[in-house]
Protein chains: 2
Amino acid sequence: MNSVKHPTIYDIASEANVSISTVSRVLNNSAVVSEKKKAKIEEAIQKLNYVPNVIARSLANKLSHTIGLIVSDLSNPFFTDVIDGIEHVISKEEYFAFNCDTRYDLAREKKYIGRMLQKRVDGIITFSTNDDAYELIKDAKQLVPVVSVQSQFRDTDSVNTYDAKGAYMAVEHLIKLGHKKIAFIVFDYDNLTIESRTNGFMLAHEKYGLPLNKKYIFKTKFGADAGSNVTNEILDNHPEITAIFAYNDKLAVASYTAIQARGLNIPDDMSIVGYDDTVSASIVNPKLTTVSQPRYEMGVKAAELLMKRIREKDEKAEPELILLKEKLVVRESTRALKR
Amino acid sequence: MNSVKHPTIYDIASEANVSISTVSRVLNNSAVVSEKKKAKIEEAIQKLNYVPNVIARSLANKLSHTIGLIVSDLSNPFFTDVIDGIEHVISKEEYFAFNCDTRYDLAREKKYIGRMLQKRVDGIITFSTNDDAYELIKDAKQLVPVVSVQSQFRDTDSVNTYDAKGAYMAVEHLIKLGHKKIAFIVFDYDNLTIESRTNGFMLAHEKYGLPLNKKYIFKTKFGADAGSNVTNEILDNHPEITAIFAYNDKLAVASYTAIQARGLNIPDDMSIVGYDDTVSASIVNPKLTTVSQPRYEMGVKAAELLMKRIREKDEKAEPELILLKEKLVVRESTRALKR
DNA sequence: GTGAAAGCGCTAACAC
DNA sequence: GTGTTAGCGCTTTCAC
């Protein structure tokens, strides 16, 4: 293994009896080359099994054909769907992505961004979950275009959904079913997504004249048993609560576990709504009512915007904000409250 | 954005009044430099906000500090766990991975490998699911070290589990519960993993003197409704079958859906065993009995082996085969057959 | 159309 | 210890 040396453009040139610039021209189709030479060159490429060295090319034309992708939890299917969309558009332009899983950890995010910059990625797509990441993003933006998904930073291109609206719809659904004591389970971080969904939660209460108990907003750190802990707290100390709106499906599923572990029934004893509509939502029993975002499309839009920025080079452009619509998918985990 | 130009090693050198080699030396800690100059250089680095250009470095020292990672389905949590393990070891050496999702498609795999080679990855870790990929791997191996996970190719470093053993344990468990008509749901591809699990399935029948009905091996192509189709076939045409052994959890979960859609009960009407012990296995209701592989460890071992090969450079070494143990996790989806 | 040559930002002899 | 210089493999003027 690893013993055969890569032939270079010089090897091709001498094999085909032309100059390296001519080889480069046919490689990139960057100028007209006589059919005859072109044929000879292509023959040489075949014969020597030539694979162009993208690293050298990158150094010369200052484009690495690589982007950095920052997600906060790769094992969350939400992200893999978005990645799918991103992959779809960047691979058309022969781009690769370095995807990095921050585990909602700012230090990791910082480390990864640093390395991406060293690798001279042409752009970055980020799902930063931490508002403190803004400083990092701001620095990175000095060097490469950045588009943020699901988290709007000032003066930054971004694609988002109407999180407040999504949360509003979820809670409205619960309220219309007669629920009055509704818990909101959410991660304990500061970012716009969390803020927006929290606002949606509160707004629905307001619109329907329901008193809002701030204590019903249960915050939890990211972690394996994040969801079950708070759910247990609800079950132990708040028997009056009849419905839970979870920040995402993962948290909702964790609630399932805690609730079902006590022999309680969903939705008879507790209605639950999630967010994201990941596969888990359909796997789980009963199937989860959840807010669905156009994940794939989010990835596509983000990547398209980024590629556009990369093409534009240094031009200062107004930051763009792309807003996509989510919808509520009603399944089996919610039901009308019995009187 | 994208407007500030990166300072180079020359900028640092002139700022600190030294030569570029001295700067390079402190950057790489590759030789002793006087404390005084070192301090000045570090100051200049801070001041100019210098970020070394890894691309140029790669070109010079012929190491891209990048590996290629080929998986067949990123949305399968099995892979994200392995990736976790890989990430853990490569990031210590400042390596990045390009991870590529082939969707079990040979053409995509070929395309990705080609691009990785162009990017001059230092090595490749692959979960090729297709035996036809061997030709690709063989070509790639000429240029960079390759370690394959969960699929042994000839003369290739690999880390695997005892798939035949795992399948054997799963089926043995079913047999001991009294099941005699057992279906095996499996992907319709040719690879060693599939072959091994099929062998395990057959071996268990043999050991326990159970007649083996080849028709009970149900093959299905990869796809969204892969599992439910075959399960429906079983339900429609083989009422005598009382247990299903699925090639992986994803397929098992799809079986759940088909079975439960008919109002049938698991495990009362059908016992099910999966493979992989992904999170789905614990989310699903009833919880899935499944074969658990040391996913994270598989990633770690694979990455360690690859990094070793990269360090060894061109030395011809005997291919190594690392075998890890899996275990059967009995949960709620299997029960003794009623007489 | 085609080739010569400079340059991309770095590493690694080599000389001092 | 430190600087000079020749690459690494490519792209891209600039002549012809």
Side-chain angles (χ1 to χ4, degrees), chain A residues 4-42 44-45 48-66 94 115 117-122 143 313, chain B residues 4-42 44-45 48-66 94 115 117-122 143 313:
Chain A
V4 179
K5 243 196 68 205
H6 281 279
T8 75
I9 201 172
Y10 284 94
D11 299 323
I12 303 298
S14 69
E15 175 78 24
N17 270 312
V18 296
S19 76
I20 60 164
S21 7
T22 307
V23 177
S24 175
R25 283 179 191 115
V26 343
L27 248 27
N28 300 295
N29 222 296
S30 55
V32 191
V33 172
S34 73
E35 278 308 320
K36 211 169 158 184
K37 296 207 169 174
K38 192 170 173 177
K40 286 193 71 173
I41 290 170
E42 273 160 356
I45 289 177
L48 302 188
N49 214 292
Y50 172 71
V51 180
N53 185 330
V54 172
I55 297 213
R57 179 177 294 169
S58 299
L59 184 60
N61 66 197
K62 290 159 167 305
L63 269 185
S64 66
H65 277 254
T66 253
E94 307 256 301
R115 286 208 207 139
L117 261 21
Q118 295 199 170
K119 291 268 191 196
R120 295 297 191 269
V121 294
D122 295 339
L143 301 167
K313 291 266 163 65
Chain B
V4 179
K5 242 195 72 207
H6 282 277
T8 73
I9 202 172
Y10 284 93
D11 300 322
I12 302 299
S14 69
E15 175 76 24
N17 270 310
V18 296
S19 76
I20 58 163
S21 14
T22 306
V23 177
S24 175
R25 281 177 192 117
V26 343
L27 248 26
N28 300 295
N29 221 295
S30 55
V32 191
V33 171
S34 73
E35 278 307 319
K36 213 168 153 182
K37 297 207 168 175
K38 192 169 173 180
K40 286 193 71 171
I41 290 171
E42 273 159 357
I45 290 177
L48 301 189
N49 215 292
Y50 170 73
V51 181
N53 185 328
V54 172
I55 298 210
R57 179 179 292 170
S58 298
L59 184 60
N61 67 195
K62 291 160 166 302
L63 270 186
S64 65
H65 278 255
T66 256
E94 307 255 302
R115 286 208 208 142
L117 261 21
Q118 293 198 170
K119 290 266 190 198
R120 295 298 192 268
V121 293
D122 295 338
L143 301 168
K313 293 266 163 60

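Here is how names work: the chains are called A, B, and so on, in the same order as the sequence lines, proteins then strands, and each is numbered from 1. Everything numeric here is computed off the predicted structure, so don't read it as measured data.
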### Message
Closest approach to the side chain of B:Val33, judged atom by atom: which nucleotide of D:dT2, C:dA12, D:dC8 is it?
### Response
D:dT2

### Task
For A:His6 and D:dC10, give me the distance from atom NE2 to atom P, rounded to whole Å.
10 Å

### Length of the line joining A:Leu63:CG and D:dC10:C1', which is rounded to integer Å
14 Å

## Note on the structure
The nucleotide from C:dG3, C:dT11, D:dT11 with an atom nearest the side chain of A:Thr22 is C:dG3

## Note on the structure
Testing D:dG9, D:dG3, C:dG9 for proximity to the side chain of B:Thr8, the answer is C:dG9

### Task
Compare side-chain N and O positions of A:Asn61 against OP1 and OP2 of D:dC10 and report whether any pair is under 4.0 Å apart.
no

### Message
We want to know whether B:Ser19 and B:Thr22 form a side-chain donor-acceptor pair, criterion being a heavy-atom distance below 3.5 angstrom.
### Response
yes

### Out of D:dC10, C:dG3, C:dC10, whichever nucleotide has its closest atom nearest the side chain of A:Ala56
D:dC10

### Task
Tell whether A:Ser21 reaches the base of C:dA4 with its side chain through a donor-acceptor pair below 3.5 angstrom.
yes

### Message
Measure CD1/B:Ile20 against C1'/C:dG7 and give the value in whole Å, please.
### Response
13 Å

### Task
Examine C:dG3: is either OP1 or OP2 under 4.0 Å from a nitrogen or oxygen in the side chain of A:Ser19? Give yes or no.
yes

## Note on the structure
Result for 5'-nearest mapping on DNA chain D, choosing between B:Arg120 and A:Arg25, is B:Arg120

### Query
Is A:Asp11 reaching over with its side chain to a backbone N or O of A:Thr8, donor-acceptor style, under 3.5 angstrom?
yes

